[in-house]
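Contents: one structure, followed by commentary.
In what follows, every chain begins at residue 1, and chains take the letters A, B, ... in the order their sequences are listed.
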Amino acid sequence: MAPVVTRFAPSPTGYLHIGGARTALFNWAFARHTGGKMLLRIEDTDRERSTDGAVQAIFEGLKWLGLDWDDEPYMQFSRARRHAEVAEELLRRGQAYYCYCSPEELAQMRDDARANGKPPRYNGFWRDRDPAEAPKGVAPVIRIKAPQSGEIRVMDHVQGEVVFRAENLDDFIILRSDGTPTYMLAVVVDDHDMGVTHIIRGDDHLTNAARQIIIYQGMDWGVPDMAHIPLIHGPDGAKLSKRHGALGVEAYRQMGYLPEALRNYLARLGWSHGDEELFSTAQMVEWFSLEALNKGAARFDFAKLENINGHYIRLSEPARLYAVMLDTARELGRDRDAAGLDANRDTVLQALPELQPRAKTVVELIDLAQFIYATRPITVDPAAADLLTAEAKGHIQAFAAELADLTTWSVPAIDEAARAFAEARGLKLGKVAQPLRVALTGRTISPGIFEVMVLIGRQETLDRLYDQA
RNA sequence: GCGCCCUUCGUCUAUCGGUUAGGACGGCACCCUUUCACGGUGCAGAGAGGGGUUCGACUCCCCUAGGGCGCGCCA
């Protein structure tokens with residue numbers, strides 16, 4: 001069997017959105033699983049809407065996600081001449097014809113059809129007409145001569161065999177009047193020329209598959225294997241489209257998600273390997289198969305993504321996390337955090353094992369680390385301030401005095417002192433610890449408060465305590 | 001409107017004719033505990049509806065309903 005060649009073919013009219021990212025992931029996983037290649041093709045034939053910025057966003061999005069492609073990326077528009085040649089070849093073969101209808105006439109045609117309760121399709125006006133009748137000065141388009149009876153069968157790895165009756169497909173345009181190819185032609189020619197063996201894409205292309213097969217047949221080319229994967233829907237069940245808030249992958253990075261978490265989560269959306277939930281990318285590659293792809297659309301669930309992200313944060317090396325925190329702080333323009341993180345590298349690194357189990361995202365990790373580089377007097381959350389009662393302040397002051405005299409500044413030593421202090425006054429440890437937490441971090445949530453003291457050091461601890469007492 | 005696709009707990013899913021329908025997230029309760037997390041234990045929670053086929057259907061077929069996609073000189 002020939003080596004597998006898949007491709008990811010986004011159009012650069014926006015960022016790399018989450019649905020595209022998953023399509024890329026599946027193409028990538030299948031290629032890696034089979035030891036084949038995944039090619040990248042930028043479908044930039046829409047000159048109006050394609051932008052270089054979008055192309056860069058796609059490259060960067062894929063790189064961040066860790067999805068590497070083989071060979072150089074193909075820029076579809078650069079192959080326009082080849083596409084036109086194929087359109088002309090189709091013309092010579094009698095599989096296509098010139099059509100001189102204007103866009104206005106076509107719009108009228110669709111409106112009329114709709115008004116009569118018929119499908120809005122091209123009526124084949126120029127299909128068998130003598131080109132000699134062509135109006136002067138009108139640049140024609142080339143249309144495929146689609147079969148008018150019989151059926152087109154799409155053999156799909158996910159959807160099974162899907163049958164379309166020929167009369168439901170019209171003679172669509174393959175070459176525009178300006179000589180540039182339409183999507184339908186360009187995809188077929190490129191997939192063929194690039195040697196693509198497996199087309200894995202969203203199932204919004206399922207009906208296009210039937211149209212494309214007509215072109216393959218017109219050229220006597222073999223049709224690649226296909227797998228049309230269901231789309232991702234929003235939490236409300238509606239399409240997760242750009243206009244409904246679908247986000248680019250960089251947005252997920254900015255929200256503090258780790259690429260391996262996103263890969264794991266995305267993989268579970270529409271694909272499964274038994275009851276496996278948390279698995280490495282290598283594991284996914286080993287397990288991946290087209291047959292295990294689901295048919296139904298899945299809804300995007302941030303709660304689960306967060307859970308998975310938390311899992312990978314706990315698994316990460318502090319040094320790596322520190323680097324991501326710094327990058328994220330900078331990317332978000334959080335200058336104070338970036339500076340604080342940068343100036344306290346060692347302390348943050350030491351604190352991370354305490355921070356990791358408490359954070360679901362890198363952004364939360366940054367928030368949790370703020371107590372390390374907070375400047376005195378630290379600002380206290382309004383909600384936390386309630387805990388600083390007169391009585392609590394008394395405890396803080398008294399305990400601070402004891403801390404000043406401690407011989408060893410370590411978690412066990414402080415812990416012992418705190419318990420003795422509480423017991424001597426008939427208090428529960430929480431009664432003492434919680435006000436200390438507020439005075440030291442300004443919040444009610446933080447790592448173990450004795451760890452916090454060791455992290456920021458005795459002097460800073462005493463200073464912060466006296467600030468609040 | 002026409003065509004095509006889809007339908008198991010709130011969500012993601014397992015099941016590939018015979019299971020007390022399993023797992024994960026989320027929820028709730030309890031345990032751990034200096035807060036919050038993490039971790040642990042337990043509970044609630046599903047086969048859209050209706051017909052068939054079969055000794056036996058979540059599983060196969062048909063209909064209905066609901067949802068999605070497509071029907072551009074966009075991709």
Side-chain angles (χ1 to χ4, degrees), chain A residues 9-13 43-46 48-50 76 99 101-103 106-107 110 113-121 139-143 154 156 158-160 162-165 167-170 172-178 180-184 186-187 202-208 210-211 228 230-231 233 235 237-239 265 268-278 294-301 303-308 310 314 354-360 368 384 387 415 418-419 422 428-438 441 443-450:
Chain A
S11 57
T13 53
E43 309 220 317
D44 56 350
T45 54
D46 182 348
E48 301 283 307
R49 297 193 296 160
S50 297
Q76 188 162 62
C99 165
C101 293
S102 68
L106 294 172
R110 277 192 291 272
R114 241 185 259 273
N116 292 319
K118 295 193 164 176
R121 286 194 292 263
V141 299
I142 296 180
R143 285 180 183 274
V154 178
D156 193 275
V158 175
Q159 310 293 342
V162 183
V163 181
F164 293 88
R165 300 210 47 82
E167 44 273 41
N168 292 316
L169 271 10
D170 67 353
F172 55 90
I173 294 170
I174 55 177
L175 201 73
R176 300 188 187 106
S177 53
D178 65 359
T180 60
T182 60
Y183 162 77
M184 220 58 82
V187 192
D203 72 6
D204 50 336
H205 286 290
L206 191 53
T207 40
N208 288 336
R211 297 192 173 85
H228 286 91
L231 302 172
H233 286 177
K239 186 189 178 185
Y265 175 70
R268 288 291 289 120
L269 229 46
W271 176 82
S272 61
H273 183 77
D275 282 337
E276 299 293 341
E277 295 286 348
L278 297 167
N294 264 125
K295 306 179 83 169
R299 299 184 186 199
F300 196 89
D301 179 17
K304 187 152 184 175
L305 207 211
E306 286 217 332
N307 174 274
I308 293 178
R314 274 169 254 138
E354 284 287 321
L355 270 26
Q356 281 166 270
R358 294 177 166 79
K360 300 270 191 242
L368 285 168
L387 287 171
D415 187 302
R419 285 175 201 281
K428 285 185 136 180
L429 185 54
K431 269 290 193 185
V432 178
Q434 200 56 1
L436 289 173
R437 184 185 318 283
V438 175
T441 69
R443 300 178 186 180
T444 56
I445 301 171
S446 84
I449 198 60
F450 309 136

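When distances run from any side-chain atom of Tyr183(A) to the nucleotides rA14(B), rA75(B), rG26(B), the shortest one goes to rA75(B). Comparing rU35(B), rU13(B), rC5(B) by their nearest atom to the side chain of Ala298(A) picks out rU13(B). Closest to the Arg358(A) side chain, of the nucleotides rG22(B), rA75(B), rU35(B), is rU35(B). For Ile445(A), whose side chain is taken as the heavy atoms from C-beta onward, the closest listed nucleotide among rC36(B), rC4(B), rA75(B) is rC36(B). Nearest nucleotide to the Asp275(A) side chain, out of rG23(B), rG3(B), rC5(B): rG23(B). Proximity note for Ala433(A) (side chain, C-beta onward) versus rC36(B), rA75(B), rU34(B): the nearest is rU34(B). When each of rU34(B), rC6(B), rG67(B) is scored by its nearest atom to the side-chain atoms of Gln434(A), the top-ranked nucleotide is rU34(B). Distance from the side chain of Glu43(A) is smallest for rA75(B) among the nucleotides rG70(B), rA75(B), rG68(B). When the nucleotides rU34(B), rU13(B), rC73(B) are ranked by their closest atom to the side chain of Asp415(A), rU34(B) comes out on top.
Using Watson-Crick or G-U wobble geometry with both donor-acceptor distances under 3.5 Å, rA48(B) finds its partner in rU64(B). Base pairing of rU53(B): no nucleotide in any strand meets the Watson-Crick or G-U wobble criterion (both distances under 3.5 Å). As the counterpart of rC16(B), no nucleotide is assigned, since no Watson-Crick or G-U wobble pattern has both distances under 3.5 Å. Nucleotide rG72(B): unpaired (no Watson-Crick or G-U wobble partner with both distances less than 3.5 Å). In this entry rC9(B) has no Watson-Crick or G-U wobble partner, no candidate having both defining distances under 3.5 Å. For rG27(B), the paired nucleotide is rC43(B), the pair qualifying as Watson-Crick or G-U wobble because both relevant distances are below 3.5 Å. Across all strands shown, nothing is found opposite rU35(B) as a Watson-Crick or G-U wobble partner with both distances under 3.5 Å.
Across all non-hydrogen atoms, the minimal contact from Lys295(A) to Pro230(A) is O-CB, 3.5 Å. Between Cys99(A) and Arg143(A), the shortest heavy-atom contact is SG-NE, 3.3 Å. Taking each heavy atom of Leu169(A) and Ala210(A) in turn, the nearest pair found is CD2-CB, 4.0 Å.
Thr180(A) contributes atom OG1, which lies 11.0 Å from atom CD of Gln76(A) (distance to the nearest 0.5 angstrom).
Nucleotides of RNA chain B nearest to Thr207(A) and Ser102(A) differ in position, and the one nearer the 5' end is that of Thr207(A). The residue among Pro447(A) and Leu269(A) whose nearest nucleotide of RNA chain B lies closer to the 5′ end is Leu269(A).
The C1' atoms of rG26(B) and rU13(B) are separated by 14 Å, rounded to the nearest whole Å. Taking atom P in both rU8(B) and rC58(B), one finds a spacing of 15 Å when rounded to whole Å. Rounded to whole Å, the separation between the C1' atoms of rC12(B) and rC55(B) comes to 36 Å. The gap from the C1' atom of rA14(B) to that of rG47(B) amounts to 13 Å, rounded to the nearest Å. Taking the C1' atoms as reference points, rC61(B) lies 24 Å from rU19(B), given to the whole Å. Nucleotides rC60(B) and rU7(B) are separated by 10 Å at their P atoms, to the nearest Å. For the P atoms, the distance linking rG23(B) with rU41(B) amounts to 12 Å, nearest Å. A gap of 16 Å separates the C1' atoms of rU15(B) and rA24(B), to the nearest Å.
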*Let me see the working for Tyr265(A) and Asn307(A) under side-chain contact (heavy atoms from CB on, under 4.5 Å), right down to the final yes or no.*
CA-CA 10 Å; Tyr265(A) 175 70; Asn307(A) 174 274; over 6 Å; no
*Using the side-chain contact (heavy atoms from CB on, under 4.5 Å) rule, take Gln434(A) and Lys428(A) through it: C-alpha gap first, then chi angles, then the decisive distance, then the call.*
CA-CA 11 Å; Gln434(A) 200 56 1; Lys428(A) 285 185 136 180; over 6 Å; no
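Contact of Asn307(A) with rA24(B) (side chain to base): no donor-acceptor pair of N or O atoms is detected under 3.5 Å. On a pure distance criterion of 3.5 Å, no polar donor-acceptor pair joins the side chain of Arg268(A) and the base of rU13(B).
Contact annotation for Tyr265(A): no contact, since no heavy-atom pair falls under 4.0 Å across all strands. At a threshold of 4.0 angstrom between heavy atoms, the contacts of Asp178(A) with the nucleic acid are absent. Residue contacts for Gly448(A): at a heavy-atom cut-off of 4.0 Å it reaches a base atom on one of the strands shown. Contacts of Ile449(A) with the nucleic acid, taken as non-hydrogen atoms under 4.0 Å apart, include base atoms. Residue Thr45(A) is in sugar-phosphate contact alone, with no base atom involved, counting any heavy-atom pair closer than 4.0 Å across all strands shown. At the heavy-atom level, His205(A) lies under 4.0 Å from base atoms of the strands shown. Across all strands shown, Ser272(A) has heavy atoms under 4.0 Å from sugar-phosphate atoms exclusively, and none from any base. Note on Val163(A): only backbone sugar-phosphate atoms sit closer than 4.0 angstrom, heavy atoms only; bases stay farther off. Nucleic acid contact class of Val141(A) (heavy atoms, under 4.0 Å, all strands): base. When heavy atoms are screened at a 4.0 angstrom cut-off, Arg299(A) is found touching the sugar-phosphate backbone but no base atom. Among the atoms of the strands shown, none is found under 4.0 Å from any heavy atom of Gly310(A).
Distance CG (Leu429(A)) to C1' (rU33(B)): 10 Å, rounded to an integer number of Å. Residue Lys295(A) contributes atom NZ, which lies 7 Å from atom P of rU7(B) at whole-angstrom precision. For the pair Gln159(A) CD and rC4(B) P, the interatomic distance rounds to 14 Å; values are reported in whole Å. Taking atom CD of Glu277(A) as the reference point, atom P of rU11(B) lies 16 Å away to the nearest angstrom. Atom pair His233(A):NE2 and rG67(B):P shows a separation of 12 Å (rounding to whole Å applied).
Between Lys360(A) and rC38(B) there is a side-chain N or O to OP1 or OP2 distance below 4.0 Å. Residue Arg314(A) has a polar side-chain atom (N or O) positioned under 4.0 Å from OP1 or OP2 of rG39(B). Between Asn168(A) and rC4(B), a side-chain N or O to OP1/OP2 separation shorter than 4.0 Å is absent. Look at Lys304(A) and you won't find any side-chain N or O under 4.0 angstrom from OP1 or OP2 of rU11(B). OP1 or OP2 of rG3(B) has not a single side-chain nitrogen or oxygen of Arg165(A) nearer than 4.0 Å.
For the pair Arg211(A)/Tyr183(A), no side-chain contact is recorded, criterion being any heavy-atom separation below 4.5 Å from C-beta on.
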